[in-house]
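These notes concern the structure reproduced below.
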Amino acid sequence: MNKKSLLITSLLIGAVSLVGYNVRDEGMFPLSEIHKVDLKKAGLKIDPNEVYNPNGISLVDALVNVGGCTGSFVSDEGLIITNHHCAFSAVQLASTPENDYLNNGFVARTREQEIEAKGLTCRITDSYEDVSDRILGSVANIEDPAARLQMINNQMKSIAAEAEQKDPSIKAEVSEMFIGKTYVLFRYKTIQDVRLVYVPNRQIGEFGGETDNWVWPRHTGDYSFMRAYVGKDGKPAKYSKDNVPFEPKKSLKVNPNGTNEEDFVFILGYPGRTFRHRPAQFIEYQANYVLPYTSELYDFQNATMENVGKKNKTTEIKLATRIKRNANVMKNYRGKLAGIKGIDLVGQKKQEDAALAQFINENVELKAQYGNLMENIDRLYQLINGDANRDLWLSQIYNATSLLNVAKNINAFKAALNQQPLSQKQDFFDNNIPRLKQVLNNIYDAYDVDVDRRILKRMMLDAVALTPNQRITAVDKIANRGSSNESMIDNYINDAYGLTKLKDENYVFNTLLKSSKSIADYNDGLLQFENDIARQIAELKPEKDRRDGILNKLMGDYVNVKEKFLKKSFVPDANSTLRLTYGYVRGYSPADATYMAPYTTIKGILEKGATGHPDFGYPGIIKQLWENKDFGMFAKKELNDVPVAFLYNMDTTGGNSGSPIMNANGELIGVNFDRAYGATINDYAWNESYSRSIGVDIRYVLWAASKIDKADFLLSEMGVK
């Protein structure tokens, strides 16, 4: 290899330490890859088979996926610990102005007092199997990109359906581990009856609010407890008073002594999606379109909802979960934008891609197969960028406007109903209306008509401003009628919302969904507007499918070349499947002359509270207990205080919320809930210098449960004396 090639190699390997596979630094390891990691050398004191054992019971069996987060069993009676924010939506649905559990917290001192956690289920990983050969073999002779991707998707569904047919007790999914390259069949058990057991006061569970979100130092008691229930036969069953607590194969032992700085720690969890094995064009697309557009839209939505929520307590509670989710995404996306610029990730990726291109050109065999790879990637992203604003608008419109989402589901149901033979219409209606009712009920749970009108107006004005090649036809029909765009949009919204009966939840459920004739005959301007949007999405779909098919193949080739260049395999990007990550309790220096220590304490809560900022309000009993040094057994000697949160250099992302943090003996010593602001970029890159995750210290959880909420019964159930 010549000097120039050696230099390029060095650049690429250095950059890949940020975005590729480095066992010592980075990694969200799938179960199939755990054996490749020397956990004993890293600091694990138990046998690695106690972490994951495909032929026996291990710590993995204590893990659950709950509400898109991770949780873990901490007793033999189905008790689960996860984050406060993971239970937030269920607490909101259980709350009323009279019983405001969202703000006041909730403690069930008996099993009979436990409340149904509506909308939440527990999913347990039962087993997995690599099915890459089967899927890729089915598309070996398909050249058309859209047809190839369609066949892959069909095979994924077929394999999952086949697994469910063999074992009706499981839910099966095939996950794409490397885009266009590797596929794994996962089998899951789903527990349908989940109940709230203990949720702390919101001033504890959400201390710091959005001011502290994605920020260190942190003092948030982001924890909650739930319980899983099954039928008396031990099988999953819908909520019923006759159900009994689930008995997990494994529950975690709680260690009330917590950790010390530089202790080895590890996490098992279900991280969401990362995108570290993508080219520079993907990062540019995120930075130029997705991140700024979404964060600005969510900022407007939240300002609107917070303003409207002031009219009464019921509306405030109804909109709380939506505001919280938007705010979390908004700050996360802005952190990613700052991170991409701060480390010049686009520049780093361009260096990598240039090195890959030269590597391909210098190898005759690779050049024959992949010679146009980088040019084809660039050409595809030029097309994607050209339609980005329109495509983002279409992707957000139903999330932004509740009634259009209602209209979408009703229109789809009507279309399916109309396709049925006359003799089968009623049966179709009877069999499918319960699901439609549930979907609509979930939408109405977070709906307010004033919010909807204002957000739709914003979205329509955004559509009017799009370039000529990216028009939204449904909006143009309304805005191009001769008057000013804003006045025409105002008039349309006033008419549409004035006439539509979809804004009346009671009418929808008691009349519109009462019979097949009622829903089939109903129509109004809002349904027609949604039909126009749906029609444009359908018209664009063939081209979108074609591009997705090309992208799928190109990204598979991209990873193949990268593997050949580095002569090593990669840990695949996270995709909501069970992963392990490990590291150490460790502070860091995010900026010049700044050091962030790895522990915060109750003292910090009082210091922040003294500022008078509304996000830093806390229950008065905390100050009283702290002044009396009433820490029980939960103080850290070196701090002479109770640790509240702590830092560690593990590799986490969204979906790791609620993940159990375990020590070298596999004991629970905390619950993961966030990352430092610089680590929001973890989805695209990870590095020891800026990537820190944040967990609530188990000592604070136990202290608050015992001293503040008098929930010692939970400590007893977890075996903490």
Side-chain angles (χ1 to χ4, degrees), residues 68 146 149 153 176 179 272-275 278 281-302 304-305 322 325-334 336-337 380-409 411-412 439 442-443 446-447 451-452 454-467 469-476 526 529-552 555 575-576 654 683-684:
L149 184 58
N153 291 334
E176 186 175 57
I179 183 169
R273 294 199 62 82
T274 58
F275 305 93
R278 299 293 179 98
Q281 292 89 339
F282 173 84
I283 303 298
E284 285 184 308
Y285 174 72
Q286 297 291 309
N288 294 338
Y289 299 103
V290 177
L291 300 177
Y293 174 82
T294 308
S295 56
E296 288 167 16
L297 177 60
Y298 282 16
D299 199 355
F300 174 81
Q301 289 181 21
N302 274 13
T304 301
M305 289 188 284
R322 191 172 163 193
R325 287 174 179 166
N326 277 5
N328 190 55
V329 171
M330 179 177 69
K331 196 166 186 179
N332 175 283
Y333 278 22
R334 287 175 175 168
K336 287 174 180 172
L337 272 172
L380 177 62
Y381 270 97
Q382 287 179 22
L383 293 175
I384 292 171
N385 292 341
D387 296 329
N389 292 318
R390 179 200 65 204
D391 292 345
L392 284 167
W393 192 97
L394 290 170
S395 73
Q396 288 290 336
I397 185 63
Y398 295 120
N399 291 329
T401 51
S402 297
L403 286 197
L404 275 180
N405 201 3
V406 169
K408 172 187 175 183
N409 282 279
N411 276 334
V439 170
N442 291 341
I443 298 171
Y447 153 77
V451 168
D452 224 50
R454 297 179 195 188
I455 292 175
L456 179 58
K457 178 179 177 179
R458 156 67 189 261
M459 294 287 291
M460 292 178 75
L461 288 173
D462 285 351
V464 168
L466 292 175
T467 56
N469 66 311
Q470 297 187 77
R471 306 306 300 170
I472 305 297
T473 54
V475 177
D476 285 349
L526 212 58
F529 182 59
E530 192 285 322
N531 261 329
D532 288 339
I533 294 173
R535 187 177 299 112
Q536 183 170 11
I537 291 173
E539 290 169 353
L540 295 171
K541 190 174 185 302
E543 174 60 13
K544 182 179 184 303
D545 289 347
R546 187 187 75 85
R547 293 179 187 179
D548 287 347
I550 295 172
L551 184 64
N552 183 274
M555 291 303 98
N575 60 349
S576 297
D683 290 1
Y684 308 130

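- Listed by chain and residue number, D378 satisfy the side chain to side chain donor-acceptor pair (under 3.5 Å) test with Q382 (two or more places apart in sequence, or in another chain).
- Minimum heavy-atom separation, Y289 to N389: CD2-OD1, 3.8 Å.
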**Item:** Check against side-chain contact (heavy atoms from CB on, under 4.5 Å), Q396 and M459
**Value:** CA-CA 9 Å; Q396 288 290 336; M459 294 287 291; 4.3 Å; yes

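- For the ring pair (Phe, Tyr, Trp, His ring centres under 6.0 Å) test, residues two or more places apart in sequence or in another chain that qualify with Y447 are Y444.
- Atom CD1 of I443 is separated from atom CG of N399 by 10.0 Å, given to the nearest 0.5 angstrom.
- In this view, T473 and Q536 satisfy the side chain to side chain donor-acceptor pair (under 3.5 Å) rule, not counting sequence neighbours.
- Scanning for side-chain contact (heavy atoms from CB on, under 4.5 Å) contacts around I283 gives I340, L345, V346, K349, Y684, with sequence neighbours left out.
- To the nearest 0.5 Å, the span separating CG on N385 from CG on L380 amounts to 9.5 Å.
- Residues forming a ring pair (Phe, Tyr, Trp, His ring centres under 6.0 Å) with Y381 (at least two apart in sequence, or on another chain): none.
- In this structure, CD1 on I472 lies 7.0 Å from CZ on R390, to the nearest 0.5 angstrom.
- The salt bridge (Lys or Arg N to Asp or Glu O under 4.0 Å) search around E296 returns none, not counting sequence neighbours.
- Remark: the backbone N or O of N302 is not paired with any side-chain donor or acceptor of N326 at under 3.5 angstrom.
- For the pair A287 and L337, the tightest heavy-atom approach, listed with the atom from each and the gap, is O-CD2, 3.3 Å.
- Between the CD1 atom in I537 and the OG atom in S395 there is a gap of 9.0 Å [rounded to 0.5 Å].
- Within the 4.5 Å cutoff, the side chain of T304 has no heavy atoms near those of the K457 side chain.
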**Request:** Just do the side chain to side chain donor-acceptor pair (under 3.5 Å) check on Q286 and Y333 with the steps written out, would you?
**Result:** CA-CA 10 Å; Q286 297 291 309; Y333 278 22; over 6 Å; no

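- Taking each heavy atom of Y398 and N405 in turn, the nearest pair found is O-CB, 3.5 Å.
- Under the side chain to side chain donor-acceptor pair (under 3.5 Å) criterion, R325 pairs with no residue, sequence neighbours left out.
- Residues passing the side chain to side chain donor-acceptor pair (under 3.5 Å) test with E176 are Y183, N552, sequence neighbours excluded.
- For the salt bridge (Lys or Arg N to Asp or Glu O under 4.0 Å) test, residues two or more places apart in sequence or in another chain that qualify with R458 are D462.
- Of all heavy-atom pairs between M460 and V475, the closest is O-CG1, 3.7 Å.
- A heavy-atom distance below 4.5 Å is not found between the side chains of V406 and V439.
- Contact annotation: the side chain of R547 never approaches that of K544 to less than 4.5 Å [non-hydrogen atoms, C-beta and beyond].
- In this structure, the ring pair (Phe, Tyr, Trp, His ring centres under 6.0 Å) partners of F282, at least two apart in sequence or on a different chain, are F275.
- For D299, the salt bridge (Lys or Arg N to Asp or Glu O under 4.0 Å) partners are R334, not counting sequence neighbours.
- Here D548 contributes atom CG and L149 contributes atom CG; the two are 6.0 Å apart, rounded to the nearest 0.5 Å.
- Taking N288 as the reference, E284 meet the side-chain contact (heavy atoms from CB on, under 4.5 Å) condition, with sequence neighbours excluded.
- Using a 4.5 Å heavy-atom threshold, the side chains of Q470 and W393 count as separate.
- Between A446 and S402, the closest heavy-atom pair is O-OG, 4.2 Å.
- Side-chain atoms of S295 come within 3.5 Å of backbone atoms of P292 as a donor-acceptor pair (strictly under, hydrogens ignored).
- Atom CD1 of residue I533 and atom OG1 of residue T401 lie 7.0 Å apart, to the nearest 0.5 angstrom.
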